[in-house]
Amino acid sequence: MANPKIKSSAPNAKKSNATAGRKTAFKSPYSKADLDEIFRRFSIQRPEPKGELEHVNPFTLVVAVALSAQATDAGVNKATRALFAVADTPQKMLDLGEERIRDYIKTIGLYRNKAKNVVALSEKLIRDFDGEVPQTREELMTLPGVGRKTANVVLSMAFGQATLAVDTHIFRIANRLLLAPGKTPDEVEQRLMKVIPDQYLYHAHHWLILHGRYVCKARKPECERCVIADLCRSPEKTWDIPAPLVPLPPQLLGVEAAG
């Protein structure tokens, strides 16, 4: 079929060139009132959400989060309880040595490479930061084995900063619910930061993770247990009636995971 003739002009050509490289603005299917209500319900369900990685200080948190890549929190906790009992500072970790660190974490995936990173980040903390964990994203990301996600978790859990670490749960939830769809974790993070109401931002990371871990599960979402079922815009949704909005005791999260 012959190509249709297109009438062109210099101004129009310039305009099309200017818009060609511009990303299409994200239009949320949720209203501001919807978003406020979604996170209000999460705040009632889990008033004080907690991360499930065990740690005793900012250093052990950095190590735990770095070890959690491609591993479960439960698996990391099982390995690090004994490790952190003997090495809870960068210097103690160096004194332990790479081979003995490997022995402690050998049940965790990629443990050999992770043990090297633990040694290397401990060395860098001592050399460049006087043994203290830095409190900026840029500095944290200079540590071996620490990417943006890990840095955001540490900033939030150790230093009380309102950040949003996009792990596999949050990436899935943001796309499945059409809350902040994106092709990369960075894109999802940027969009979530724009749509989450400011007053809920600090806890949003954990609310979304726990929602994805225990309700909106990867294989099959349990919509009948969802407190936002009536507000959800997911094309995968199978239930429209929200679950009863009652607080979940934080100490039962582990039991919830096993159930």
Side-chain angles (χ1 to χ4, degrees), residues 26 35 38-39 42-43 46 48-77 80 84 90 108-110 113-114 117-118 120-122 124-125 128-129 132-177 179-214 216 218 250 253:
F26 164 61
L35 293 164
I38 286 171
F39 287 95
F42 284 156
S43 73
R46 293 186 172 97
E48 292 294 330
K50 303 293 182 185
E52 297 186 320
L53 281 174
E54 297 174 8
H55 60 285
V56 296
N57 55 31
F59 169 68
T60 54
L61 177 61
V62 173
V63 173
V65 181
L67 293 177
S68 71
Q70 300 182 46
T72 65
D73 287 359
V76 172
N77 290 340
T80 57
F84 294 158
I108 301 174
L110 307 175
N113 190 53
K114 289 177 179 179
N117 282 337
V118 169
L121 74 83
S122 299
K124 187 169 180 64
L125 284 172
D128 296 346
F129 301 104
E132 299 293 325
V133 175
Q135 298 188 31
T136 70
R137 182 184 291 110
E138 292 72 24
E139 288 176 318
L140 282 166
M141 289 177 65
T142 67
L143 301 175
V146 175
R148 186 179 181 90
K149 185 201 81 171
T150 298
N152 280 342
V153 172
V154 174
L155 291 175
S156 173
M157 291 179 64
F159 302 121
Q161 298 184 30
T163 61
L164 220 152
V166 178
D167 69 352
T168 53
H169 290 297
I170 292 183
F171 187 81
R172 183 183 74 254
I173 292 299
N175 279 283
R176 176 185 277 168
L177 272 58
L179 190 63
K183 295 181 179 178
T184 66
D186 285 356
E187 187 176 16
V188 168
E189 179 187 339
Q190 290 169 6
R191 289 180 171 179
L192 282 173
M193 294 293 284
K194 289 180 181 178
V195 301
I196 295 172
D198 290 345
Q199 69 267 35
Y200 297 120
L201 188 56
Y202 177 66
H203 286 314
H205 166 74
H206 287 126
W207 282 327
L208 292 172
I209 285 178
L210 295 172
H211 185 66
R213 185 173 290 165
Y214 300 129
C216 201
L253 290 176

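Model, not experiment: these values are computed from the prediction.
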**OP:** Could you check whether the rings of W207 and F42 sit parallel, tilted or perpendicular, using 30° and 60° as the cut-offs?
**Re:**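 Answer is tilted, since the angle falls between 30° and 60°.
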
Enter the distance from [X]:[atom1] to [Y]:[atom2] here, rounded to the nearest 0.5 Å.
X    : Y    : atom1 : atom2 : result
N57  : E132 : CG    : CD    : 9.0 Å
T163 : L155 : OG1   : CG    : 5.5 Å
L208 : F39  : CG    : CZ    : 4.5 Å
E54  : L61  : CD    : CG    : 12.0 Å
I209 : D167 : CD1   : CG    : 4.0 Å
I170 : L164 : CD1   : CG    : 5.0 Å

Subject >> Heavy-atom donor-acceptor pair, N77 side chain to E52 backbone, under 3.5 Å >> reply: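 Looks like yes, one N/O pair under 3.5 Å.
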
Original post:
Counting N and O atoms only, with roles assigned by atom type, does the side chain of K114 sit under 3.5 Å from a partner on the main chain of A66, one being a donor and the other an acceptor?
Top reply: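 No; judged by distance alone, with no hydrogens or angles, the pair does not exist.
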
Any heavy-atom pair between the side chains of [Y] and [X] that's under 4.5 Å?
X    : Y    : value
L143 : N117 : no
V65  : L53  : yes
K50  : M157 : no
Y200 : L35  : no
K124 : P144 : yes
L140 : F129 : no

Tell me the closest heavy-atom pair linking [X] and [Y], and the distance in Å.
X    : Y    : answer
V133 : F159 : O-CZ, 3.7 Å
A151 : V146 : N-CG1, 4.0 Å
P181 : V188 : C-CG2, 4.4 Å
P49  : H206 : CB-CB, 3.6 Å
R176 : A218 : NH2-O, 2.9 Å
Q135 : E139 : N-OE1, 4.2 Å

Subject >> Residue pairs fulfilling side chain to side chain donor-acceptor pair (under 3.5 Å) with at least one residue in residues 140-162, sequence neighbours excluded >> reply: R137-N152, R148-E189, N152-E189

**OP:** Only pairs at least two apart or in different chains count here, so list each side chain to side chain donor-acceptor pair (under 3.5 Å) that has a residue in residues 64-76.
**Re:** D73-R213

